Each structure stands twice: as C-alpha cells, then as structure tokens.
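A short worksheet on the structure shown next.
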Amino acid sequence: MGKNKAKKDDKDGGGEEHNQMYSALAIGLVCIVIGLPLWWKTTTTYRASLPYSEIDTLAQTQMQYKVPVNIRSCLSEPSTNENNILKQLQEKLNQDNPNSKVSVQYSINVRKCNPNDLDRVHQHQNLQELDRSFLNTNTDTVGHPVIYLLSGDHKGFQGIHTYIGKQRIAYVAIHKDDLSNSLDHVVQLLRTTLVNELSMVKICNAAQGFQHTQADAGTMRAVRSTPGYGISFSLLNPQPDVLDVKWDIRQAIQDYLEPFTQKLDEFANFVVDSQVLYYTGISVKPKQSEDKSYYYLSQGQLPQVITPVEAKLGSHVSTYPSLNFLLYVPKRTHAPLYVVDSKGDQVSTNAFLSPRWGGVMVYNVQDPTNNTELPAEVMVNMHSAMEVFLSQLRLLIGIPAQSQGGVSNVHIEQPGASGVTDWEYDVLLRGRTLENIATASATLVSLSQLLDKIGNIVINDDIAQQVYKAVESVNQGHAYLQQGNLYRAFHASKRAIAASEKAFFDPSLLELLYFPDDQKFAIYIPLFLPISIPVFASLFKVVKWFRARRKTKQD
C-alpha cells in the first residue's frame with residue numbers, strides 16, 4: 001500500500017514537472033517564433049526603393065545642349081553660295097570646346113532668302129525698319145536664332161557690321177572679298193551674345209557647387225532659380241511735413257511692369273505690391289562735396305543704407321523670394337544727394353543695386369522756397385524711376401546685361417515696352433534650364449548620400465514618387481536640350497527641380513526624428529534583458545530535462 005502511494009506521488013511529481021517543461025518550451029517558442037518576428041516586423045523602417053544607380057549616373061552626365069541656327073543668305077556673289085557658308089560655319093562653330101563640363105553643338109541651316117525677304121531688304125535701307133518689317137512674319141521658335149547675311153554695301157551698315165533686333169533676328173554685313181573674316185563675326189555673335197556660352201558655363205558651375213577662382217558678378221547678382229518672385233516697391237519720405245511726395249505707382253506698374261511680366265509669363269510668376277513709408281530715412285550720414293554744393297553716398301556707405309531700412313519694410317506673406325525697390329527722397333539737410341562710383345563720379349541713374357535683394361534710387365526734388373506752403377506737393381516722374389527699376393529687375397532675375405560681349409561694331413536694339421527682347425528671353429530660358437537641371441541633379445545626389453548614410457530614415461512612397469519624377473524629368477531635360485528643343489527642356493527642368501526639392505525637404509526626412517544605433521540599444525536592453533533572461537533560462541532547463549529523459553529511457 002505504501003509502495004503504491006509512493007509510485008503515485010512519483011507519477012504526480014513527474015507529471016507536474018512534465019507540464020512545467022512543456023509550458024516553458026511553449027512560452028519560449030512563442031517568444032522566439034512569434035514574438036521576435038512580430039517585433040522585428042513592427043519596428044523595421046519602411047524604405048521604398050529608389051533609383052540609386054540612375055541618380056549616380058546623373059552626377060556623371062555631361063551637360064550638353066544644341067542650338068539650331070537658321071542662316072538666311074541674301075547674297076548673290078558666287079563665292080558666297082550656301083554650301084561654302086555652311087562648310088565654313090560648321091568648321092568654326094563646332095570646334096572642340098576646351099571646357100568639358102558644358103558642351104554646345106550648333107545645328108546650322110543655310111538657305112537663300114526667299115523673294116519676299118529680298119524685297120524687304122531692298123526696300124528698307126534702315127536696319128531698324130527692316131527688323132520691324134519682319135515682325136510677326138517669321139515663324140521662329142524659342143531658342144532658334146535667325147541670322148540674315150546682307151551685303152556689306154547695304155546702307156544700314158554705317159559704322160557697324162552687325163545689328164541685333166528685338167526679335168530672334170540679327171543682321172551681319174558680309175564682304176565678298178573677305179568672307180572668312182565676315183563669318184568670324186557670325187561665330188563670335190553666336191558664342192558671346194545670342195547664346196552666351198561663357199555665361200552658361202558659369203551658371204552650371206555655380207549650380208553644381210564648383211568654386212570660382214574669380215568672383216562672377218552676373219552669377220552672384222541674380223536670384224537663384226525659383227518658380228516666382230515677389231516684387232515690392234517702396235517710397236521713402238523722411239520728411240512728410242516738408243514734402244508731400246506722391247507717385248502713381250499703380251499706373252506705372254500697368255505701363256512698365258505688366259508688359260515685362262506678361263513677356264515672362266511662362267518663365268515665372270510675379271506678385272507685386274507697393275507701400276509708402278513716412279519718417280523713414282537712411283541712418284548713414286552722407287558726405288558733403290568739397291565745394292559744398294551737394295551731398296553724396298560713396299560705395300563703402302551703400303551696404304549700410306539697406307540694413308537699417310530693411311527692418312522697416314515689413315514682410316509680405318509669399319513663398320517667393322522678395323525683390324525690393326526703394327525710391328528714396330532725401331532730407332532737405334542732405335539735398336541734393338547723389339550716388340558716386342569708386343572713382344568718385346556721379347552715377348548717371350543715381351541708383352545702386354544690391355545683389356539678390358533689390359535696388360535703391362535716390363530721387364532729388366527741388367527744395368521748396370520760403371513762400372511755399374508746407375508740405376509742398378511733389379509728383380514723382382515715374383518714367384525715370386521705373387526705367388531704373390526695370391533695368392535692375394532684369395539683372396536680378398538673370399537677364400544678362402546688354403553688351404557687345406567683346407564684339408566690336410555691333411548695335412543692339414533696346415527691348416522697348418516689353419523690357420526684354422526675344423533673343424534675351426532665349427538666353428534667360430537656356431540659362432535657367434541648365435541651372436535647374438544641374439541643381440536638381442545635385443539635390444538628388446545629396447539626397448541619395450543622406451539616405452545611404454542614415455539607414456533608419458523612413459522613405460515613404462510619396463518621397464519615392466517625387467524622386468522617380470525628378471529623375472525622369474532630368475533625363476527628359478537632357479534629351480530635349482540635346483535635341484535643341486529649349487521650350488520643352490525648360491518645362492522639364494522646372495518639374496525636375498520642383499520634385500527634387502519637394503523630396504529633399506520632406507519633413508519626414510529630418511535627421512533629428514531618428515535615433516542612432518547606440519541610443520536604440522540603450523532603449524531596448526533595459527526592456528528585453530529582464531524578459532529574455534528567464535525565457536532563455538527556462539529553455540536551457542527544458543533542454544537539460546529532455547537530455548536527462550532521453551538518457552533515462554536508454555538506460
């Protein structure tokens with residue numbers, strides 16, 4: 001009876017130990033088979049796939065663009081036939097470019113002038129009238145300059161050998177006895193003015209972050225590529241009790257600025273506002289001339305003019321960079337006030353430009369006489385003011401200054417009411433296209449390096465979609481540039497830079513949102529260590545129990 005009871009107790013004890021071992025095994029298996037994968041799955045960082053190889057290829061892609069050039073020969077000499085002109089121009093234009101970063105290819109199309117063109121050339125001996133007669137008659141395309149080769153005996157070429165009109169048309173005098181030298185003028189005209197190759201190289205280098213050995217005024221002056229601009233006009237009247245200064249800024253914007261913004265409608269958006277600031281002047285004390293007849297601001301004082309005034313201009317809600325244009329009426333004690341250059345000579349416009357910020361014009365008015373009732377009413381001449389501001393705006397958005405670019409005896413027609421000629425528009429568009437593509441490529445490379453460096457940053461599907469869109473748009477921009485389709489290349493570059501910056505500046509990619517690996521271990525070890533030690537200890541005990549049980553069965 002006692003023996004049976006002992007056996008029963010051993011059996012009950014063995015059953016209890018059996019249950020404990022299997023319970024421990026079940027808990028361990030649940031933790032390892034279910035818990036660990038579940039924790040790994042729920043804490044794994046989601047990273048959508050990105051085209052890393054294509055992004056690396058973009059960084060190594062050479063910037064290439066084609067310029068289709070239409071040559072119209074109005075010459076009758078046998079030595080100036082189209083084949084001879086084409087052969088010489090191709091040899092001169094498509095020579096190896098020493099700069100390997102940006103490559104330009106010219107596609108030359110030479111043909112004789114049609115009878116209508118010849119009639120216009122013979123009828124209009126004035127090149128300005130001749131250029132005006134071609135208005136709305138040429139089905140010219142954006143980025144396709146047209147050059148008319150006229151006889152050097154044409155009366156329009158008096159003291160000049162090249163005339164550049166308001167459209168995409170230039171007229172070059174060709175001398176039959178010196179054809180090669182005359183065609184050199186065509187080559188130089190294209191390289192330095194109508195295409196401005198050097199400016200394109202500088203723009204690309206600046207966008208890609210290359211260091212310049214020498215500061216470039218044009219690159220530093222213009223605002224970087226942006227979808228739009230906020231333009232603010234401010235009238236500063238420090239003594240409203242003495243002068244009642246009035247300006248018809250609304251009408252001036254309609255007459256001078258709107259034709260300009262309409263011309264650049266596809267280039268960028270423009271938001272315009274104006275204000276009048278009373279009792280606001282400059283904190284810089286002007287210097288007095290030696291004969292005490294006027295006051296002046298030296299070049300060293302000009303940067304000090306903007307800083308105090310900028311705080312009083314106020315801020316306007318806009319996502320676009322702001323360009324400020326100030327019309328300052330000096331105090332009676334400092335009038336007349338002039339801006340002088342580095343040589344001490346008075347600046348003809350009495351204005352100065354601040355790179356990527358705006359411009360300031362000092363507007364002198366006649367001092368009221370003793371018999372004049374104060375405040376004396378003064379009306380601003382908006383034509384002279386807007387003429388200065390418009391020329392400053394051209395430089396700030398990247399339109400190159402009108403110069404002969406090293407070419408002598410060249411006459412460049414003024415843009416007129418629109419504020420920008422067609423060929424200047426092409427130069428601006430080409431420069432912005434190259435800048436957008438180079439900037440988007442650099443942004444994508446930086447993003448790729450960032451995501452490779454920080455492996456636990458979440459890459460959601462929206463970011464991946466923007467990256468793929470940017471890569472596709474950059475490739476399209478390259479393809480259109482190589483085809484000579486500047487219009488489509490520009491719009492592809494706008495899509496590229498918009499998508500790349502949207503992906504790069506996505507709030508979810510902020511590095512501060514993610515913990516380094518050492519901080520992760522500091523968080524997980526206190527959590528998992530107290531749990532894992534009993535689990536692994538139980539599993540170790542289960543393994544020992546199974547080994548002991550197998551050994552007992554074998555005995």
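Everything numeric here is computed off the predicted structure, so don't read it as measured data.
Here Y65 pairs with nothing under the ring pair (Phe, Tyr, Trp, His ring centres under 6.0 Å) rule; sequence neighbours left out. Partners of N381 by side-chain hydrogen bond (donor to acceptor under 3.5 Å, both in side chains), not counting sequence neighbours: none found. Legend: residues meeting side chain to side chain contact (heavy atoms under 4.5 Å, CB included) with P336, ordered by chain and number and at least two apart, are Y294, Y338, N364. By the ring pair (Phe, Tyr, Trp, His ring centres under 6.0 Å) test, H124 is found to be paired with no residue, residues two or more places apart in sequence or in another chain being considered. Under the ring pair (Phe, Tyr, Trp, His ring centres under 6.0 Å) criterion, H334 pairs with Y295, not counting sequence neighbours. Every side-chain hydrogen bond (donor to acceptor under 3.5 Å, both in side chains) that Y163 has, sequence neighbours left out, goes to E413. Here Y256 pairs with H383 under the ring pair (Phe, Tyr, Trp, His ring centres under 6.0 Å) rule; sequence neighbours left out. Residues satisfying the side-chain hydrogen bond (donor to acceptor under 3.5 Å, both in side chains) test with S298, not counting sequence neighbours, are Q301. Annotation: side-chain hydrogen bond (donor to acceptor under 3.5 Å, both in side chains) contacts of S234 (sequence neighbours excluded): Q275.
In this structure the side chain of H478 reaches within 4.5 angstrom of the side chain of M63, judged on heavy atoms. Counting heavy atoms from C-beta on, the side chains of T193 and Q188 never come closer than 4.5 Å. You'll find the side chain of V309 stays beyond 4.5 Å of the side chain of Y328, heavy atoms only. Side-chain contact between K246 and M379 is present, with heavy atoms from C-beta onward closer than 4.5 Å. A 4.5 Å side-chain heavy-atom check between V67 and R430 finds at least one atom pair inside the cut-off. Two residues are said to be in side-chain contact when any heavy atoms from C-beta on lie closer than 4.5 Å; L183 and K92 meet this criterion. Contact of the T61 side chain with the V474 side chain is not registered, since no non-hydrogen atoms from C-beta on lie closer than 4.5 Å. For the pair H411/I164, no side-chain contact is recorded, criterion being any heavy-atom separation below 4.5 Å from C-beta on.
Of the options T349, V347, V360, V305, a side chain to side chain contact (heavy atoms under 4.5 Å, CB included) to V339 is made by V347 and by none of the others. Here the rule is ring-ring contact (aromatic ring centres under 6.0 Å, His included) with F389, and of Y363, F260, F325 only F325 fits it. Put simply, the residue from L75, L130, V172 that forms a side chain to side chain contact (heavy atoms under 4.5 Å, CB included) with L150 is L130.
Residues P145 and L190 share a closest heavy-atom pair of CG-CD2, 4.2 Å. In terms of heavy-atom proximity, P415 sits nearest to E424 at CB-OE1, 4.4 Å. Residues V276 and W247 share a closest heavy-atom pair of CG2-NE1, 3.4 Å. Of all heavy-atom pairs between M382 and A252, the closest is CE-CB, 3.7 Å. In terms of heavy atoms, P259 sits closest to D255 at CG-O, 3.5 Å. Contact between S342 and Q299 at its shortest, heavy atoms only, is CB-OE1, 3.4 Å.
Of the inter-residue distances, the one linking T421 atom OG1 with I169 atom CD1 reads 11.5 Å to the nearest 0.5 angstrom. Here CG of L390 is found 7.0 Å from CG of L257. Values are rounded to the nearest 0.5 Å. Distance check, rounded to the nearest 0.5 Å: OG of S107 to CD of Q483 gives 12.0 Å. A distance of 7.5 Å separates SG of C74 from CG of L149, quoted to the nearest 0.5 Å. Separating the CD1 atom in I231 from the CG atom in L396 is a distance of 9.5 Å, to the nearest 0.5 Å. Within the model, atoms CE of M361 and CG of L326 stand 12.0 Å from one another, a figure rounded to the nearest 0.5 Å.
Annotation: salt bridge (charged side-chain N to carboxylate O under 4.0 Å, His left out) contacts involving residues 339-367, sequence neighbours excluded, comprise R332-D367.
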### Query
Is there a side chain to side chain donor-acceptor pair (under 3.5 Å) between Q60 and D56 once you walk through the steps?
CA-CA 7 Å; Q60 302 171 2; D56 293 338; over 6 Å; no
### Message
As a quick check of understanding, evaluate ring pair (Phe, Tyr, Trp, His ring centres under 6.0 Å) for Y229 and Y320, giving each step before the final call.
### Response
CA-CA 5 Å; Y229 300 88; Y320 302 143; 7.9 Å; no
### Message
Could you go through V104 and M200, starting from their C-alpha distance and side-chain angles, then the distance that decides it, and tell me whether this counts as side-chain contact (heavy atoms from CB on, under 4.5 Å)?
### Response
CA-CA 10 Å; V104 56; M200 301 301 110; over 6 Å; no
#### Entry: Derivation and outcome, side-chain contact (heavy atoms from CB on, under 4.5 Å), residues F134 and V146
CA-CA 11 Å; F134 280 109; V146 180; over 6 Å; no
#### Entry: CA sep, side-chain torsions, deciding dist, call: I282, L236, side-chain contact (heavy atoms from CB on, under 4.5 Å)
CA-CA 9 Å; I282 57 177; L236 276 59; 5.5 Å; no
Identify every side-chain donor-acceptor pair in residues 434-441 under 3.5 Å, counting partners at least two apart or on other chains, and give the distances.
unit_1	atom_1	unit_2	atom_2	d
E435	OE1	R432	NH1	2.8
E435	OE2	R224	NE	3.1
E435	OE2	S225	N	3.1
N436	OD1	S225	OG	2.3
N436	ND2	R432	O	3.3
N436	ND2	S493	OG	3.2
T439	OG1	E435	O	2.7
S441	OG	I437	O	2.9

For residues 484-492, tabulate all N or O donor-acceptor pairs below 3.5 Å that involve a side-chain atom, not counting sequence neighbours.
unit_1	atom_1	unit_2	atom_2	d
N485	OD1	R488	N	3.3
Y487	OH	E266	OE1	2.6
Y487	OH	E266	OE2	3.4
H491	NE2	E266	OE1	3.0

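Taking a cutoff of 4.0 Å between a charged side-chain nitrogen and a carboxylate oxygen, D117 and R72 do not qualify as a salt bridge. For the pair K263 and D422, the salt-bridge criterion is met [side-chain N within less than 4.0 Å of a carboxylate O].
Although no hydrogens or angles enter the test, the distance criterion places no donor-acceptor pair under 3.5 Å between the side chain of S500 and the main chain of L444. Remark: side-chain polar atoms of H185 are not paired, donor with acceptor, to backbone N or O of A173 under 3.5 angstrom. With T261 contributing its side chain and E258 its backbone, the two residues share a donor-acceptor pair below 3.5 Å. Checking side-chain atoms of Q392 against main-chain N and O of G358 turns up no donor-acceptor pair under 3.5 Å.
No side-chain N or O of Q346 forms a donor-acceptor pair with one of N350 less than 3.5 Å apart.
For Q366, the CD atom counts as loosely surrounded, since its 6.0 Å shell holds 12 or fewer non-hydrogen atoms of other residues, nucleotides or ligands.
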